[in-house]
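Here is how names work: the chains are called A, B, and so on, in the same order as the sequence lines, proteins then strands, and each is numbered from 1. These figures come from a predicted structure and were not determined experimentally. FYI, side chains are in, hydrogens and waters are out, and symmetry mates aren't considered; it's all heavy atoms of this structure.
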Number of protein chains: 2
Amino acid sequence: MFAESLISHFETYLPFEEREKKLIRERISYRKVKRREHLLRTGEICRHYTFVVKGVLRMYGIDGNGKEHNILFASENEWLSDISSFHATQPGESNIQAIEPTEVIQIEQQDLYHLYINIPKLDRIFKVITEEKYVELQNRVFQSISSTAQERYLYFLSKYPSLGSRLPNTQIASYLGITPEFLSMIRKELVAK
Amino acid sequence: MFAESLISHFETYLPFEEREKKLIRERISYRKVKRREHLLRTGEICRHYTFVVKGVLRMYGIDGNGKEHNILFASENEWLSDISSFHATQPGESNIQAIEPTEVIQIEQQDLYHLYINIPKLDRIFKVITEEKYVELQNRVFQSISSTAQERYLYFLSKYPSLGSRLPNTQIASYLGITPEFLSMIRKELVAK
DNA sequence: ATTGACCCATAAACTAGTTTAAGAAATTAA
DNA sequence: TTAATTTCTTAAACTAGTTTATGGGTCAAT
């Protein structure tokens, strides 16, 4: 059953009792997302916390000139949500789209709050998950203010080796904050070495 | 008493009973930090979660060429820690230094864990605090891949209006990922308008 | 009052990354 | 299987941001 991949994800943090697993199973839903299908668009309220079972999602923003910029990717066993839109129940800026055919588990706001109340250790687990994601982002900020595009690309490859081959280079360039043309140049230079 | 500024910070999230406040008071310590004094240096284990009562701290990293880059600032009522070093009890890369004379409240790892166990709502509160900081960082990442230095500077000013006048421009330039010379040029252009 | 450390500004030469354009290669849809 | 679309590469002209150097202003400490 699809719920087991989520429960075993939770159990990498803390053990769960059957009673708790049952509560979780009652409050989650499963969804398939086609390649290029959107889960969220600018101006919509983000209604779900989304857990990737299989595939890859990207979260991106759109700048003043209408250009898309990848904020992050989420692949197997990762969480994704426009957190501020989700908690405030307000329209947000973010977009979420599948890059590959993707399967996800989703929790709605009221269900997640219900679970937080009935399974206090979920507060602990999401605190830890958010801290882990926070550290990742902080490293990325440091990279972005201290490193060249080539260094950022090598860091990305070392951090997400599978994504390096799985994603089109245009998506990676957008994540790195450079043009696809310049990424192409960087790759050429790296091969030359 | 110094503990009250921390407790009233917590109570902006959830109410606390006297029993819980007592537990907190027993587990925190107060410290004055001189201008330019360090709370943490590269290679050290980050032993504390630090709450700024008064003043401004900066967290910075050092790149391969020995140059410092400001990852973030923490001023009144903000938390700061090298989270991964703190939880892993392992040496980290980060540095934390006072920009102004600063007063902080600190919690050591064992004390924080003790509080998490005895006051479960602290898991909830730190989950929310970390989510808030996560959203801030995510916005900053989006800025860094989508905006010019001038736009990033204006965003910084709008987001932290007090810091704009309180900090030397060299510190702001380091945070924005540009040279002080270029920030100087940006400011000149903005004044000209 | 004077030194020294730091902070800010200006300018010229330089470099990293963008833009535009155009063609080749690879995927996807029909 | 072919047409259509997306992806990748190359190259030339351009722009945003760096580097180096120089000088002036400010502030805390003697």
Side-chain angles (χ1 to χ4, degrees), chain A residues 33-38 55-56 58 60 63-70 73 97-102 143-157 163-193, chain B residues 34-38 55-56 58 60 63-70 73 97-101 143-157 163-193:
Chain A
V33 194
K34 289 186 194 145
R35 193 171 121 90
R36 273 171 229 217
E37 188 183 345
H38 277 81
V56 188
R58 68 177 181 126
Y60 65 93
D63 69 21
N65 303 316
K67 284 194 189 150
E68 299 177 0
H69 301 270
N70 287 341
F73 303 115
Q97 186 191 35
I99 295 183
E100 302 175 355
T102 300
Q143 283 270 318
S144 80
I145 60 178
S146 69
S147 303
T148 62
Q150 177 171 335
E151 289 165 336
R152 267 143 49 211
Y153 177 57
L154 289 172
Y155 180 77
F156 169 79
L157 289 183
L163 292 185
S165 48
R166 219 166 148 184
L167 300 177
N169 288 335
T170 45
Q171 296 295 341
I172 297 174
S174 168
Y175 174 93
L176 295 174
I178 60 176
T179 58
E181 292 83 358
F182 192 53
L183 177 55
S184 190
M185 233 193 71
I186 288 172
R187 286 159 58 87
K188 192 179 138 197
E189 272 175 32
L190 288 173
V191 169
K193 284 181 184 169
Chain B
K34 290 188 192 141
R35 192 171 122 92
R36 276 170 227 217
E37 189 183 345
H38 278 80
V56 188
R58 68 178 180 124
Y60 66 93
D63 70 18
N65 303 315
K67 283 194 188 151
E68 299 177 0
H69 302 270
N70 287 340
F73 302 114
Q97 184 190 37
I99 295 183
E100 303 177 353
Q143 283 271 319
S144 78
I145 60 178
S146 70
S147 303
T148 62
Q150 183 178 61
E151 289 165 336
R152 266 143 49 212
Y153 177 58
L154 290 171
Y155 180 77
F156 169 79
L157 288 182
L163 291 185
S165 47
R166 218 167 149 185
L167 299 177
N169 288 337
T170 46
Q171 296 296 341
I172 296 174
S174 168
Y175 174 93
L176 296 173
I178 59 176
T179 58
E181 290 84 355
F182 192 53
L183 178 54
S184 188
M185 234 192 70
I186 288 171
R187 286 159 57 88
K188 192 177 138 196
E189 271 175 32
L190 288 173
V191 169
K193 282 181 184 166

Centre of Tyr155(A)'s six-membered ring, under 6.0 Å away, within 45 degrees of the axis: is that where NZ or CZ of Arg152(A) sits?
no
Is there a side-chain contact between Asn169(A) and the phosphate of dT7(D), meaning an N or O under 4.0 Å from OP1 or OP2?
no
Considering only NZ, NE, NH1 and NH2 on the basic side and carboxylate oxygens on the acidic side, decide whether Glu100(B) and Arg166(B) come within less than 4.0 Å.
yes
Rounded to whole angstroms, how far apart are CD1 on Ile172(A) and C1' on dT9(D)?
16 Å
Measure across Ile172(A) and Gly164(A) and return the closest heavy-atom pair with its distance rounded to 0.1 Å.
CD1-O, 3.8 Å
Rounded to whole Å, please give me the gap between CZ in Arg166(A) and C1' in dT27(C).
18 Å
Test item: Asn70(B) side-chain N/O and Ser174(B) main-chain N/O as donor-acceptor pair under 3.5 Å
no
Does OP1 or OP2 of dT28(C) have a side-chain N or O of Arg36(A) closer than 4.0 Å?
no
Are Tyr175(A) and Arg58(A) close enough that a side-chain donor and a side-chain acceptor fall under 3.5 Å?
no
Atom CD of Gln97(B) to atom P of dC6(C): distance rounded to whole Å?
11 Å
Between dA9(C) (C1') and Glu189(B) (CD): distance, integer Å
14 Å
Could you tell me which residues satisfy side-chain contact (heavy atoms from CB on, under 4.5 Å) with Ile145(A), sequence neighbours excluded, listed by chain and number?
His69(B), Arg140(B)
Is Arg35(B) touching bases, backbone alone, or none of the nucleic acid, heavy atoms closer than 4.0 Å?
nothing
Every protein N/O within reach of nucleotides 16-18 of chain D N/O, cut-off under 3.5 Å:
unit_1  : atom_1 : unit_2    : atom_2 : d
dG17(D) : OP1    : Ala149(B) : N      : 3.3
dT18(D) : OP2    : Thr179(B) : N      : 3.0
dT18(D) : OP2    : Thr179(B) : OG1    : 3.1

